> 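First the structure, then my questions, so here it is.
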Protein chains: 2
Amino acid sequence: MARENIAKYIILGLLSIQPLSGYGIKKWVEASISNFWSISYGQIYPTLRKIEVEDLAVKREFKPDKGPKRNQYTITEKGRQEFIKWLQRDEAGEYEILLKIFFGARLSPDENIEKIRKFRERRVQDRARLEKTLEDLHKNLDENEDNLYFLLITSFGIMSYKSQIEWSDEALKLLKDKTNQ
Amino acid sequence: MARENIAKYIILGLLSIQPLSGYGIKKWVEASISNFWSISYGQIYPTLRKIEVEDLAVKREFKPDKGPKRNQYTITEKGRQEFIKWLQRDEAGEYEILLKIFFGARLSPDENIEKIRKFRERRVQDRARLEKTLEDLHKNLDENEDNLYFLLITSFGIMSYKSQIEWSDEALKLLKDKTNQ
DNA sequence: AACAACATGTAATAAGTTACATGATTGG
DNA sequence: CCAATCATGTAACTTATTACATGTTGTT
């Protein structure tokens, strides 16, 4: 998946929450989104430099009471705008939506609701497609050894999509409650 | 995730099922594992060449009754062995196991059972960890706007892991039935 | 004193996408 | 004959990992 420079937006997203150093970014990623995304120092530091050059964040040396000094990056208004533009773009990668929902507080609840609604629709279709595949595999289960394992993987997909549809419903409920408050 | 040359093993795995051309490999991937893995021609053709050079498959020109001629690759014994060795290695990437189960017919049911058992264990732990995070987020929900969205993503993880544990149970049952037949 | 954790960075390499180029064959 | 599909490939580029280098600070 080499295409959209996700690392840049993860960093910008975290900086939109609070000023951080490269080291701090790594810690944040590990503590919060490591279940579905990762980032290495080999990406963080060069990307931070680019972000600085593009005036999306400013670097400032910070000497904390404890520990060695660090380079703290603070997002600029330009950076914030570019990040929000990214959030609003329709995501290409299948699971980019998770990242965007993670940073959902930068958008309105309605924008997040719309994203999840679309995601849910896709999943309903994905699931229906896999249900057909499953049926075919059931019919031809004795045909060869492979089909049992193909069936297992298809069933994994169906169960995943099912749980994602259920999640969407819960998430939508929560966000709608929030809007009506 | 640039590390293990997954493309090579996807190709080898498909060739272990039947002889295929580069084009055919693409079609197979799209029809069977595109839910969780993809591959581009820019990878397929160079990788096929490498596979040929390493004597893991042999190329042969094939003129079908219909359509233009194609380069058909047939896996060698060496290729089959290298593929099985990869299958047996403990997977690094979180979802590599799906790929390996997909090709499960190349191993014994017991080996697949063991893989799934380990996967299930990991998921039980992952889920417990996220449950704690969820609790914390619930407590601090009013602290800031972000926490609602962090909670949503945490809940996505919990539900995913839950469905993966359920899938493991079903898969284990199916495979155990098979062994006892 | 030693070790773990904090902190920043680069170079080599690998993996993967995208865009492009080219041509054969089939069905309408 | 034209479009769609079949079919193979390369080059430029981007993204990402890994291994390495270096030094500070806090804890035992």
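It should be emphasised that the depicted structure is a prediction, and the values quoted were computed from it without experimental measurement. The chains referred to below are lettered A, B, ... by the order of the sequence lines, with proteins before strands, and numbering in each begins at 1.
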> Mind jotting down which residue pairs meet the ring pair (Phe, Tyr, Trp, His ring centres under 6.0 Å) criterion with at least one end in residues 135-154 of chain A? Sequence neighbours excluded, please.
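Sorted pair list: A:Phe150-B:Phe102.
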> Measure from CD1 on B:Ile11 to P on C:dG16 and round the result to the nearest Å.
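It is 10 Å, rounded to the nearest whole Å.
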> Respond yes when some side-chain nitrogen or oxygen of A:Tyr23 is under 4.0 Å from OP1 or OP2 of C:dT8, and no when none is.
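Answer no for this pair, as no side-chain N or O of A:Tyr23 is under 4.0 Å from OP1 or OP2.
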> Are B:Ser38 and C:dT17 close enough that a side-chain N or O sits under 4.0 Å from OP1 or OP2?
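For C:dT17, OP1 or OP2 has a side-chain N or O of B:Ser38 closer than 4.0 Å.
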> Between D:dC6 and B:Ser21, is there an OP1 or OP2 to side-chain N/O distance shorter than 4.0 Å?
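So the side chain of B:Ser21 is outside the cut-off, no N or O lying under 4.0 Å from OP1 or OP2 of D:dC6.
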> Measure the distance from CZ on B:Phe62 to C1' on C:dA24 and round it to the nearest whole Å.
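So the two atoms are 16 Å apart, to the nearest Å.
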> Residues in salt bridge (charged side-chain N to carboxylate O under 4.0 Å, His left out) with B:Asp169, at least two apart?
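Salt bridge (charged side-chain N to carboxylate O under 4.0 Å, His left out) check on B:Asp169 returns B:Arg120.
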> Quick one: B:Lys26 NZ to C:dG16 P, roughly how many Å, whole number?
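Answer to the nearest Å: 14 Å.
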> Given C:dT17, is OP1 or OP2 found less than 4.0 Å from the side-chain N or O atoms of B:Gln43?
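For C:dT17, OP1/OP2 do have a side-chain N/O of B:Gln43 under 4.0 Å.
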> Who passes side chain to side chain contact (heavy atoms under 4.5 Å, CB included) against B:Ser40, sequence neighbours left out?
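Side chain to side chain contact (heavy atoms under 4.5 Å, CB included) check on B:Ser40 returns B:Gln43.
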> Using the test side chain to side chain contact (heavy atoms under 4.5 Å, CB included), find all partners of B:Ser34 that sit at least two apart in sequence or belong to another chain.
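Partners of B:Ser34 under the side chain to side chain contact (heavy atoms under 4.5 Å, CB included) test: none.
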> Just how far is it from atom CG of B:Leu148 to atom CG of B:Leu141, taken to the nearest 0.5 Å?
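These two atoms lie 6.0 Å from each other.
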> Strictly by modelled atom types, are A:Arg106 and A:Ser16 linked by a side-chain donor-acceptor pair under 3.5 Å?
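A pair is found: one side chain offers a donor N or O, the other an acceptor, under 3.5 Å apart.
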> In chain order, what residues pass the ring-ring contact (aromatic ring centres under 6.0 Å, His included) check against B:Tyr41, with sequence neighbours excluded?
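Applying ring-ring contact (aromatic ring centres under 6.0 Å, His included) to B:Tyr41 gives B:Tyr45.
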> Rounded to the nearest Å, what distance is computed from the CD atom of residue A:Glu52 to the C1' atom of nucleotide C:dT8?
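Distance check: A:Glu52 CD to C:dT8 C1' gives 14 Å.
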> Under the rule for ring-ring contact (aromatic ring centres under 6.0 Å, His included), what residues qualify as partners of B:Phe83, not counting sequence neighbours?
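Testing B:Phe83 for ring-ring contact (aromatic ring centres under 6.0 Å, His included), a comparison that skips the adjacent residues, returns B:Trp86, B:Phe103.
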> Quick one: which residue pairs count as a side-chain hydrogen bond (donor to acceptor under 3.5 Å, both in side chains) with a foot in residues 53-72 of chain A, not counting sequence neighbours?
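Every pair satisfying side-chain hydrogen bond (donor to acceptor under 3.5 Å, both in side chains) with a residue in residues 53-72 of chain A: A:Lys8-A:Glu54.
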> For the atom pair CD1 (A:Ile158) and CG (A:Asp126), what is the distance rounded to the nearest 0.5 Å?
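So the CD1 of A:Ile158 and the CG of A:Asp126 are separated by 11.0 Å.
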> Can you tell me how far P of C:dT13 sits from NZ of B:Lys50, to the nearest Å?
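Whole-Å distance recorded here is 14 Å.
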> Please state how far atom CG in A:Asn5 lies from atom P in C:dT17, giving the value in whole angstrom units.
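Going from CG in A:Asn5 over to P in C:dT17 covers 16 Å.
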> Residues two or more places apart in sequence or in another chain: which of them pass salt bridge (charged side-chain N to carboxylate O under 4.0 Å, His left out) with B:Lys178?
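B:Lys178: salt bridge (charged side-chain N to carboxylate O under 4.0 Å, His left out) contacts with A:Glu145.
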> Under the side-chain hydrogen bond (donor to acceptor under 3.5 Å, both in side chains) rule, what pairs show up with a residue in residues 152-163 of chain A, not counting sequence neighbours?
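Applying side-chain hydrogen bond (donor to acceptor under 3.5 Å, both in side chains) to every pair that reaches into residues 152-163 of chain A, excluding sequence neighbours, yields A:Tyr161-B:Asn35.
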> Report all interatomic pairs (protein N or O, nucleotide N or O of nucleotides 25-28 of chain D) with separations under 3.5 Å.
| unit_1 | atom_1 | unit_2 | atom_2 | d |
| --- | --- | --- | --- | --- |
| D:dT25 | O3' | A:Gly67 | N | 3.3 |
| D:dG26 | OP1 | A:Gly67 | N | 2.9 |

> Between protein and nucleotides 10-12 of chain C, what N or O pairs are separated by less than 3.5 Å?
| unit_1 | atom_1 | unit_2 | atom_2 | d |
| --- | --- | --- | --- | --- |
| C:dT10 | OP1 | A:Arg49 | NH2 | 2.7 |
| C:dT10 | OP2 | A:Arg49 | NH2 | 3.3 |

> Between D:dC6, D:dG9, C:dC6, which nucleotide gets closest to the side-chain atoms of A:Lys27?
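My answer, after comparing the listed nucleotides, is C:dC6.
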> Please determine if a side-chain N or O atom of B:Ser40 lies less than 4.0 Å away from the OP1 or OP2 oxygen of C:dT17.
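Checking B:Ser40 against C:dT17: at least one side-chain N or O falls below 4.0 Å of OP1 or OP2.
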> Roughly, in whole Å, what's the span from CD1 in B:Ile6 to C1' in C:dA14?
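Answer to the nearest Å: 13 Å.
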> Find every protein N or O atom lying less than 3.5 Å from an N or O atom of nucleotides 2-4 of chain D, and list the pairs.
none

> Specify the separation, in whole Å, of atom CG of A:Leu48 and atom P of D:dT15.
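The answer, rounded to whole Å, is 15 Å.
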